[in-house]
Structures are given as C-alpha cells and as structure tokens.
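The structure appears right after this line, and notes come after that.
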Amino acid sequence: MPKLKVVMPDDEPDNAGEPRAEELRLLEAMLFASAEPLDEASLAERLPQGVDVHAALLRLQEEYATRGVHLVRIGGKWTFRTASDLSWLLSKETVETRKLSRAAIETLAIIAYHQPVTRAEIEEIRGVTTSKGSVDVLLETGWIRPRGRRKSPGRPVTYGTSEAFLSHFGLDAVGDLPGLEELKGSGLLDGRLPPGFSVPMPSDDPALHDDEDPLEPGDLDLGLAPPPERTGEE
Amino acid sequence: MPKLKVVMPDDEPDNAGEPRAEELRLLEAMLFASAEPLDEASLAERLPQGVDVHAALLRLQEEYATRGVHLVRIGGKWTFRTASDLSWLLSKETVETRKLSRAAIETLAIIAYHQPVTRAEIEEIRGVTTSKGSVDVLLETGWIRPRGRRKSPGRPVTYGTSEAFLSHFGLDAVGDLPGLEELKGSGLLDGRLPPGFSVPMPSDDPALHDDEDPLEPGDLDLGLAPPPERTGEE
Amino acid sequence: MNPDEIQFEADLAADRATSEPALVVDVEGFEGPLDLLLALARQQKVDLAKISILALADQYLAFIEEARKLRLELAADYLVMAAWLAYLKSRLLLPETNAPEGQSAEDMAVALALRLKRLEAIRDVAERLFGRAQLDRDVFRRGQPEPIAHIKHPQYSATLYDLLSAYAQQRQKSALAHVRLVKRTVWSLAEAREALERLIGRSPDWARLDEFLISYVVEPSLAPTVFASSFASTLEMVREGVMEVHQQGAFAPLYVRKRQPAENRVADPGGVAAPPADGKE
C-alpha cells in the first residue's frame, strides 16, 4: 500500500524510496493495544536495539496528523486519541421527554402570573419552601429566565418567563393568560375565595421595574448552573 | 485547503491526485476508539448521507494492511486489531489465559462445527459422556450459548457459538471455520448418524431451526451459572 | 497385546494429562472407548477408511483383557464396547448367510470406521481452531477505548392546562390558608379571662378595665379584640359571682374588682354596688 503518505506534501517524497520502517508498525501496535499511555523508555525496551524511538514517534505522529486518530503526547507519554475535531462522533445525543414535577409546574405558573418575582415571593404564594431544584429545572427548560435583582435586602434574583415559554404554551403574550374571571368561569377557581383575592395581570415586559436592578455579568451563568452558595445569598 | 481541491485538482500535491476522503477519517476515528466491533449500519449512521460505507471500509482495510494495526471483520462487524505477527511484542503484558481441557476444546469444536447441537449429540461424536463441567466452562468463556430446546424427547438444550466466539478466534462468520470445507466435502458433517444430526452446515443464526423450541425464561439463567441464591429465590 | 503396545499406551496416557476434572471415564488417560479405539487404529498407520476393523476389535479386546488382569476398574462404556466388538467380530468371521435384521456386519464395521473418522476430524479442526490467532493472546483490541458518550437532552413537557390548574389550585389553597392566619390575631376568651383573673387577684380595689388593658395590648390593632374578649369574660365572671363590675354611666370607663363579701360593699370610686353593667366600651 504505497499511498499511505498524505502527510507532507513536498517535504518527503518517501513513498518511492525507503519502505515503511518496521519500528513504526511495532510502535503503532503497542500504542494501540496498551491500556495506558506509554513512555519512550518502555517503548524502547521492546524495540530492536539502536532504534531512535523519539524520532520514530515523531514520524508516526506526522503520519497520523491528517487521520481520524492522532498520536499525542500526554504528560510525557504517548497514546493514540481520536482527532479532537471528530469528538462529536463519539457522543450520542438523544432527546428525552420528561414530565415536569408538580412543584415545578406550580412554580412556573406563579412566575408566569407574578413576574418579576423572587424565590422568597414564590414561597410566600405557594406557602411552601420552593426547592432550588424546581427553579433549576425551569431554567433548564428555558421557559424562565433571571431578569434582574430586586432592590431589597439580599438583592434576590427576580424571575420572569421567556419567549420559549410563550411558544411552548402557544401563547401570543403572557397577557393572554386567563385572568380571575376566566379562571372562575372555566371552573379552575371556585367561588369560595376570600374578598380581595386577585389574580395579577401578568406582563413579561423585559424592561426592568422600578424595584429591579439589572443582573450583574456573573448572574446569568449562576442562574443556569448555580453553585450551592447562591441559595444562601437569596 | 478544500476550496482549492475542487477547482484545480492537479494543484494539490496530494499523492495520487485523489485526496484522502473525509469518511476514512471518520471511520478510523470511530473504529479506533471502540474496543468492540461495529457493524456497517451503525457506522453509516454517523457518516454523511450517500457514503458507500462498505467500499470505504475496504479501502481503509487496505490502507492498514501493512501497518501494525489491521482492520478486520469479525462476525460481520469491523474492528481494529493488532497485526497477528506482532503477538510476540505484546504477549509479555498479557496474563496467561486459562488453558482449556482437551475435553472442553473438543466439545467447543463440536459445538462450533455442528451447531445447533445437544449434549447427547456431542457425546455421540466423542463416544464418551461429556461432563457438565466442560459445557459450564465453555459457557463461562462466553463462547457458547444455549440456543433453544430440541423438539425431541426430553427436549434437550441446543448449544451454539456466540459473537464472542467469533471475536476471540477472529472469524467473520462460522462459515470461515478452518477445515470446514474439507469436513463438509468428506461428508463428516452430515451424519448418517442419529436423527437430529441432519444439519449439513454449522449455523449460528440466532433464528431457531425448525427442530428447535425457544428457551424458557429460566433456562438462560441456569445455563449461565447464576449465583446459587438466585435460583432459590425464583 | 505385546509389551511394546503397553509401553505405547503409557506414553499416550502421559500425553493425556489434562485438567479435566472428575466424570471423565479415564482408562490410562483415554477418554472413553472411542478414544481408545482411535488410538489403537492410529497404530495401524493407515487411512481410517481402510482400517481393519477385525484387527482393531482384536486389539481392543486384548487391551481390555490386560486391563482386567491388572484389576483396573473399567467403566461400563468400555465393557459395552468390548461386548459389541466381540459380537461384531463373530459376525465378521462368520459367513454372512441371511442378515438377521437390519445392518449387515459390513455396515456395522463401516459405521464404526466413520465414527472414528468423525472423531479424528473434529480433533483435527479443534487443533486448527486453537491454532488461530486468539484475541488477547495473539491479537489485541484497543487498549484505551474512548466510549461513546451518551448525552441526554431533556425535553420537558407540560400543557397550558397543567399550568393553569396548578396555578388556580395553588392560589386557592393559599388564599384559604391566609384566612386562618387572620384568626390567630384574635385574643381568645380564655386568654382574656386568665388576664382578668390575674388582675383582680392582685388588688381588692376597683381597677379600670381599659387601663389594665393598655398594659397588655402592645399592638394597637389588637385593642378592639382584646377589649371585646375582656368585656365578655368580665360578664361571664360576674355571672359566676367571682367579680364585680361598675360603670358610672353610658360610655364611662368600666371598673372591675374581686367580688367582696356582702357587708362591706362600699362604692370606692364614688359609686354604688353596681348591677351588671350593660355599657359598652
């Protein structure tokens, strides 16, 4: 198989001349089969006396440079690795449909109607401590987003819904969410409500409210994969 | 660099004009990374539409034919394996595999060449009672598997070889078993022996033969040497 | 069987040392009568197809005879084969008159030869099979596989109905819970009575109810409920005869004291022994 060398265009017209050195075969077999990267000393041990292991490795590395597998040196030891531009080949992405938990749906509903709203406010409305998990799951869905920080002690993050929320639930605007009378009319709310009970008129206007500060640069990252300290912050 | 290729092919100093196709890189990356053989269908899944996977694999096989690592087809699937002439180089590292007894070796050969086959049929050929131990040892290697039950009095379990068998002995299919043609030619495979020895060619096709019934749920567990407690549990 | 042959057997036996445990019928290393027959046949050094079954039968029988002299315990398999071979031998030696039933002696001999051939063939291919390059011994697979990572992208599903019903239920539940919370701010009759008892127990003189209340009420919004509960408790205690209440006139302050013995009922703040007042705070 003479056309092995695609590597160096002009550098080395070696196809014709010298045959592929046996030590390259030996090296590639050892490196392929070994369960760990190998250092040059242990490779040299198995090669015929007098072989310049380092030079042979460099040559092998060059041979593989344009291939789907590269010869790389890691911590001074050599090993074959899939070419980094092909890493996508080695992952399988699947979509997995999951149902939101009841707590997450309630939290989402409260965010939708009461936005911008902080976690403490959600808890007050729900009357239960909202687990951090619910908010995280909702952030993962992309249906809610951190909007800003409330101008109040602790400066808690305020949440609101995103465009993805509207599109998932087929809403033209959050203002289309049914109000008190509609909820009553559809039987979702019954009559036994205390006087003064109201359902807010939701708005997802991205403009910050008077009592909101903008998020700081780091906040968005935190919001999407928050480290545990954040809980304490709020 | 790909842009130039299309316009002026001769412009490229790539060996024989034809550049090395991207699918070869993709294939070698996938095959190299995996310790297990991959079939053409799963390889094709990750390649661009319209690539002739089979042709590409043959080309890759040719490219590697002189290398220390070969591309081989095992049980209809493709995998890289070190070149067999280099076993001396690598055997130092390997732990001595358990030596099979003569009886187990013969039993394995009978199962491979006569599959599907029952224990009584194995005994008939060997002219001796086959200890349960031989079959158990073979089941433990993973090279044989209970296939079904012969539709005959006593409904004995039929055995055949597995993919691991092909992989261990580097066979693409049971049809490639050494000496199979001679055996067949000399009429030693189609026994005018007891009924049931009517299979002219070994076949590890998982589909049951006409004279085989499927295994019952418990059969496999028992065959594969489950921990004793489990048997009691069920 | 001559001494050479016995020597041969011994050598072979050494070859057969295998790790096969129990259950193998092992006569000097042979794995059964067929194996023994095959070994004997190989001594004839001819093609198994051309083997003399008669000679083979003789050798086998001689071997068995020898083994019995040595008092080796022979497995039944060997003896059955010996009996069968003796029978076959007699049939082969006798002129074939009329085959009793089924197979002729020749057929039986051919079948035996075929079985030997088959065993030999399978041994041959077994050897060739194990002569192949074996995985993890001669050839090796990828030492550091890079497994395919499975990345799961969750896609959440929820309907607008889920959303609205969750919201409605949640709001309704918490709205009702709030009403209960409001009730808590009421000063109960029991609390009022306990406070009154402490008050009148401390002084036998008339005390002004509202003055006393002020020391209790921290939160101004609580005043009405404290007042109402205290007044109701006062009436109750008067009815029980443990307390007296006095009011100068409509909307005048209320005075309370512990019920006095009848003889010294003196109006302290300048009043008469008061009948149960009906004034309001």
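Lettering follows sequence order; numbering is per chain, from 1. The model shown is predicted, which means the values in this text are computed figures rather than measured ones.
Atom CD of residue C/Q155 and atom CZ of residue A/R98 lie 11.0 Å apart, to the nearest 0.5 angstrom. Atom CG of A/L183 sits about 8.0 Å away from atom OH of C/Y167, to the nearest 0.5 Å. A distance of 4.5 Å separates OH of A/Y113 from CG of C/L164, quoted to the nearest 0.5 Å. In this structure, C/R171 CZ and A/L180 CG are separated by 9.0 Å, a value rounded to the nearest 0.5 Å.
When heavy atoms are compared at a cutoff of 4.5 Å, A/F32 approaches chain C by way of both its backbone and its side chain. In this structure, the portion of A/L89 lying under 4.5 Å from any heavy atom of chain C is its backbone and not its side chain. Neither the backbone nor the side chain of A/S101 has a heavy atom closer than 4.5 Å to any heavy atom of chain C. At a 4.5 Å heavy-atom cutoff, the contact between C/P147 and chain A is made by backbone atoms alone. Proximity to chain C is limited to the side chain of A/R102, based on heavy atoms less than 4.5 angstrom apart.
A/W143 places none of its side-chain heavy atoms less than 4.5 Å from the side chain of C/L163. Between A/S87 and C/E146, the closest side-chain pair of non-hydrogen atoms is not below 4.5 Å. Counting only heavy atoms from C-beta outward, the side chains of A/H168 and C/Y156 never approach each other to under 4.5 Å.
With sequence neighbours excluded, no residue satisfies salt bridge (Lys or Arg N to Asp or Glu O under 4.0 Å) with A/E23.
Judged purely by atom type and a 3.5 angstrom limit, C/Q172 has no side-chain atom pairing as donor or acceptor with the backbone of A/L189.
Identified by a heavy-atom distance below 4.5 Å to chain C, the contributing residues of residues 104-111 of chain A are A/I105, A/E106, A/L108, A/A109, A/I110, in residue-number order.
Nearest heavy-atom pair across C/Q144 and A/P37 is OE1-CD, 3.7 Å.
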